Every structure is written in C-alpha cells, then in structure tokens.
Participant: 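Take a look at this one; I'll ask things after.
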Number of protein chains: 2
Amino acid sequence: MNNSAASGAAPAPRGRIRRENETRILEAAERVFAETGLAGATMAQIAQAAGLPKANLHYYFGTKEQLYQAVLTGILELWLDATDMIRPESDPAEAISGYVRAKMRHSRHRPLASKVFANELLSGAPFLTDYLEIDLRKRVEAKSRIIAGWIAEGRMAALDPRHLFFMLWGMTQTYADFAVQIRAVMEVESLSDAAWEEATAEVVAFVLRGCGMSTSAASAAPAGAAR
Amino acid sequence: MNNSAASGAAPAPRGRIRRENETRILEAAERVFAETGLAGATMAQIAQAAGLPKANLHYYFGTKEQLYQAVLTGILELWLDATDMIRPESDPAEAISGYVRAKMRHSRHRPLASKVFANELLSGAPFLTDYLEIDLRKRVEAKSRIIAGWIAEGRMAALDPRHLFFMLWGMTQTYADFAVQIRAVMEVESLSDAAWEEATAEVVAFVLRGCGMSTSAASAAPAGAAR
DNA sequence: GTCTATAATACGATAGAC
DNA sequence: GTCTATCGTATTATAGAC
C-alpha cells in the first residue's frame with residue numbers, strides 16, 4: 001500500500017522504517033496488553049491496532065511472548081527512574097513530594113505502561129520475578145535506608161519506609177490503572193489539565209501530612225488549595 | 001464419581017448439590033479470572049480448578065460471560081458494604097480508621113475478589129458501567145458529604161473527600177492486587193498474621209496523619225510502634 | 001444431573017508469492 | 001521487507017449417551 005520502501009530489501013537511511021514499524025507495533029501492543037494482559041491479548045488485535053498484517057508482528061518480534069517481553073522491558077526502564085530524587089542530602093519533603101509528582105506524571109502520561117505492569121503483577125508476575133526480587137528489592141532497600149535516616153533525625157514521622165512505598169505506589173498508580181473508576185466518580189469523560197493538577201496537589205498534601213511534614217509549605221506551591 | 005445424587009434428577013433435600021457445585025465453580029472461576037481476567041481465562045482452566053468436566057460449567061452458568069457476571073455480582077455485594085462505618089454521627093478518626101481496617105481485611109481475606117475487580121477496571125470495566133456510574137458514584141457522593149461536614153467543623157484536614165477515597169482504595173487494594181510485589185520486597189513467601197497487622201497499623205497511622213487526625217491515639221492501639 | 005465426544009470457530013505461527 | 005493464504009492447535013459451546 002505504501003510506496004516509500006516497497007519491493008526491495010534496503011530501507012531508507014538504514015533501518016529507519018524498521019524502527020518506525022517496531023515502535024508502531026510496540027505502541028499498539030502496549031495498548032492491547034494494557035487492557036487484557038498477555039493471556040487475553042491476541043496478535044490479531046495488536047496487528048489491527050498497529051495497522052499492519054499479523055505476519056509482520058511475527059517477523060519483527062517472533063512470538064507473542066517475545067513481543068510482550070519487549071513491551072515490558074521498555075516499561076521497566078521508565079519505572080526504575082522515578083526514585084532517583086530520594087537522596088540522603090535531599091530535603092525530605094521536597095524529595096518525597098517530588099517522587100509523588102513524578103509518579104503522578106507517569107500515571108497521567110504513560111497510563112498504558114502502568115496498566116501493563118498492573119496486569120503483569122495481577123497474574124503473578126511470571127515475567128518479572130528477576131525485576132521484583134533483585135532490582136526493585138534492592139532499590140527499595142537503598143531508598144528505605146535513606147528514609148529511615150530522616151526518621152532517625154526526627155525530620156519525619158516514624159513509619160516503615162517499605163510500607164510508605166507500597167502506599168505511594170498504590171495511591172499514584174490508581175490514577176492510571178483505575179482511571180475508569182475515577183472518571184465515573186468525578187463524572188467526567190477524561191481528566192482535564194486542571195483536574196490532574198488538583199489530584200496531584202491532593203495526593204502530595206496528603207502524603208506530606210501522612211509523613212508528618214505538613215507544616216512548611218510543600219515546596220512547589222500546589223495550586224489546589226483554594227477550592 | 002460421587003454417589004449421593006447420581007442417575008436421577010431430584011437432589012438430596014432440594015438443590016443441595018446444585019448449590020455446592022455452583023459455589024465450587026464460582027470459587028474456581030474467581031481464582032482463574034483473578035489471574036488473567038475475562039479475556040485470558042479459559043473454561044478448561046476453570047473446570048480443572050473446580051475438579052469438574054467443562055460441560056458442567058456450561059450446564060450451570062451458560063456462557064463464559066455469564067459465569068463472569070455471576071462472579072462479579074458476588075464481589076460487588078462485598079464491595080459496597082465497607083463504607084457503612086462512615087456516618088455523620090461517627091467520630092471521624094474512628095470511622096476512617098475503621099474503614100481502612102475493613103478494606104485491609106478484604107485485601108487479606110478476599111484477595112481474589114479484589115483482583116477480579118482490578119482486572120475488570122483495567123480492561124475498561126465493560127461489565128461495571130452501571131455499578132461505577134450509579135451505585136458507586138452515589139455512595140461516594142453521600143460519604144463525601146459526611147466527610148466535608150467533618151472538615152467544615154474543623155475536625156480533620158481540608159481535602160477533597162473523593163480523592164481521599166481514591167487514595168484509600170489504592171493504598172489498601174495494593175496489598176491484594178500487587179501482593180506479589182509486596183512479598184518480593186519484604187522477602188517472604190506470604191504475609192504472616194503479624195505482618196498483616198503491622199501493614200494495617202502502618203496504613204491506618206499514615207491515613208490518620210494524612211487526614212490531620214494524628215494526635216489522639218488511633219483507637220485500637222496499633223501494635224507496630226516498637227520496631 | 002453428569003460427562004465424553006465433537007462441532008464450529010479463533011488463535012498463534014509460518015510458508016511462500018510478491 | 002511485505003502480506004495473503006493456510007496449517008495445526010486451542011477454545012467455546014453443545015449434542016447425546018449414560
């Protein structure tokens with residue numbers, strides 16, 4: 001149908017259409033895996049969402065599981081970054097509210113990534129055992145020590161940092177994973193810019209109070225105070 | 001295989017084995033739907049989990065979608081109950097911590113129900129539009145007015161009650177839906193009684209602080225303070 | 001009511017023409 | 001590199017013997 005690189009082998013500069021097709025397939029796959037998970041997704045659905053024949057998916061990614069792996073891997077890179085603002089020298093309130101903001105940004109701009117991840121966890125995380133038991137565990141352990149240090153210094157309330165992370169993940173990812181529920185309760189078709197900022201402000205304020213850091217105005221002046 | 005009610009139509013007292021088989025199938029279905037959702041689950045898996053031939057599932061429940069509906073309906077009844085402790089005359093701290101405890105009990109004792117629900121929301125909730133847009137919305141609206149009243153009386157921090165609910169659901173359901181992640185981070189095969197109590201105490205304490213009600217000892221004396 | 005055998009379809013994957 | 005046609009299998013659902 002298209003004209004640019006038909007009938008030959010060598011693509012434009014080198015592999016340009018290959019990359020284009022791969023990302024196109026990956027995006028379509030993310031969308032389909034997000035809704036129905038690995039087991040529920042079909043290659044036909046993904047092919048249709050990508051606007052390509054089914055055979056091309058197999059040409060580029062082999063099996064359905066390999067395509068799924070590729071999607072998951074891309075998500076994990078995104079996932080591990082967010083904690084980087086929690087450093088020993090940071091101001092606790094700024095670090096934690098920054099982390100919450102980053103997680104809310106993810107929920108807003110990459111909701112499908114969050115949903116794929118959620119589906120994978122719901123099905124017992126057969127493709128993520130290494131990630132969970134090695135990368136994530138170590139990351140949480142390291143960041144928990146930092147937070148424990150802040151607690152020991154009396155700079156925030158005494159709490160188990162691991163449970164703090166569980167709660168933060170739950171609070172922020174719910175805005176992506178269960179968006180349909182939130183939209184139904186809020187009676188909107190989709191959350192506006194203002195609604196996202198208000199949601200973020202609510203979560204940040206709640207978390208800071210929950211961490212016992214409510215007093216000093218939460219750094220980046222949340223806009224949702226006057227309601 | 002069994003002997004009690006073979007070869008005839010009329011069952012023991014009346015429909016006893018019918019009820020037994022139905023609940024047996026429903027439990028098996030809940031387990032399978034919890035892991036892979038409606039699209040990913042197969043009738044063969046459910047039949048094997050129930051220890052019955054595939055045909056019996058169709059005999060009792062018709063189609064896969066009807067079986068799914070039956071599972072979902074049972075869950076919704078459970079789901080709507082929990083908010084009942086939030087009443088105008090309640091003490092705010094007791095009401096909210098009671099609600100959190102109830103949600104944590106659900107996560108602990110009915111994790112599969114929570115997962116089925118999560119899967120349904122992830123796939124866009126095609127079977128729950130009425131529930132979300134009518135029952136849940138009204139329930140949240142009613143309870144939000146109560147909480148807004150407490151806020152107006154200065155008995156808790158100023159926050160949007162709807163977002164409070166989103167956060168509470170996220171924080172508590174994560175202990176069921178993403179249990180595999182929590183187990184990996186905590187380095188345990190399964191959460192012990194003590195671990196569940198500590199998790200609950202952490203969430204309750206965090207929520208009460210988040211709601212600006214940290215001072216007066218949170219009613220049922222959490223056991224996790226000395227760590 | 002129960003369960004085996006099977007019909008009808010959907011799915012993952014590939015061969016092979018272009 | 002692309003895409004149609006197709007193979008083998010797995011799936012939902014049912015017929016029909018017991």
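Numbers restart at 1 for each chain; the letters A, B, ... are given by sequence-line order, proteins then strands. Here the structure is a predicted model, which means the values were calculated and not measured.
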Participant: From C-beta outward on Thr63(A), which listed nucleotide comes closest to its side chain: dG12(C), dA13(C), dT11(D)?
Facilitator: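 For the Thr63(A) side chain, the nearest candidate turns out to be dA13(C).
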Participant: Within the 4.5 Å heavy-atom criterion, are Val207(B) and Met171(B) side-chain neighbours or not?
Facilitator: yes
Participant: Take atom CG of Asn21(B) and atom P of dC3(C), then tell me their distance rounded to the nearest Å.
Facilitator: 9 Å
Participant: Just compare dC3(C), dA15(C), dG12(C) and give me whichever is closest to any side-chain atom of Ala55(A).
Facilitator: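 Side chain of Ala55(A) sits closest to dA15(C).
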Participant: Sequence neighbours excluded and cut-off under 3.5 Å, please list the side-chain donor-acceptor pairs for residues 136-147 of chain B, or say none.
Facilitator:
unit_1	atom_1	unit_2	atom_2	d
Arg137(B)	NE	Glu133(B)	O	3.4
Arg137(B)	NH1	Glu187(A)	OE1	3.4
Arg137(B)	NH1	Glu141(B)	OE1	2.7
Arg139(B)	NH1	Leu80(B)	O	2.9
Lys143(B)	NZ	Ile86(B)	O	3.0
Ser144(B)	OG	Val140(B)	O	2.7

Participant: To the side chain of Lys64(A), which of dT2(D), dA13(D), dA13(C) is closest?
Facilitator: dA13(C)
Participant: Using OP1 and OP2 only, check whether a side-chain N or O of His58(B) sits under 4.0 Å from dT14(D).
Facilitator: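 No.
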Participant: I want to check one thing: is the phosphate of dT14(C), taken as OP1 and OP2, less than 4.0 Å away from some side-chain N or O of Tyr59(A)?
Facilitator: no
Participant: Base, sugar-phosphate, or nothing for Ala39(B), non-hydrogen atoms under 4.0 angstrom?
Facilitator: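 No contact.
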Participant: Could you tell me the separation between the CD1 atom of Ile46(B) and the P atom of dT11(D), rounded to a whole number of Å?
Facilitator: 12 Å
Participant: What nucleotide among dA13(D), dC3(C), dC11(C) has an atom nearest to a side-chain atom of Thr42(A)?
Facilitator: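 Nearest nucleotide to the side chain: dC11(C).
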Participant: Could you check, using the six-membered ring where one of them is a Trp, whether Phe117(B) and Trp79(B) have ring centers closer than 6.0 angstrom?
Facilitator: yes
Participant: Please report the distance, rounded to the nearest Å, between CG in Asn56(B) and P in dT14(D).
Facilitator: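 In whole Å, dT14(D) P lies 14 Å from Asn56(B) CG.
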Participant: Before you tell me yes or no, could you show the steps for Ile46(B) and Leu67(B) under side-chain contact (heavy atoms from CB on, under 4.5 Å), namely the whole-Å CA-CA distance, both residues' side-chain angles and the distance that decides it to 0.1 Å?
Facilitator: CA-CA 10 Å; Ile46(B) 298 173; Leu67(B) 174 54; 4.1 Å; yes
Participant: Please determine, for the side chain of Lys54(A), which listed nucleotide (dG12(C), dG1(C), dC3(D)) has the closest atom?
Facilitator: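 Nearest nucleotide to the side chain: dG12(C).
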Participant: Rounding to a whole Å, what distance do you find between Met43(B):CE and dT4(C):P?
Facilitator: 16 Å
Participant: In terms of relative ring orientation, are Tyr175(B) and His163(A) parallel, tilted or perpendicular, with 30° and 60° separating the classes?
Facilitator: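 Judged by the thresholds at 30° and 60°, the geometry between Tyr175(B) and His163(A) is parallel.
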Participant: At under 4.0 Å, does any side-chain N or O of Tyr60(B) touch on OP1 or OP2 of dT2(C)?
Facilitator: yes
Participant: In whole angstrom, give the distance that lies between atom CG of Leu38(B) and atom C1' of dT11(D).
Facilitator: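 These atoms are roughly 13 Å apart.
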Participant: For Leu67(A) and dG12(C), what is the distance between atoms CG and P respectively, to the nearest whole Å?
Facilitator: 11 Å
Participant: Atom CD of Glu22(B) and atom C1' of dT2(C): how far apart are they, to the nearest Å?
Facilitator: 15 Å
Participant: Without decimals, in angstroms, what is the distance between Glu65(B) CD and dT12(D) P?
Facilitator: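 For the pair Glu65(B) CD and dT12(D) P, the rounded distance is 11 Å.
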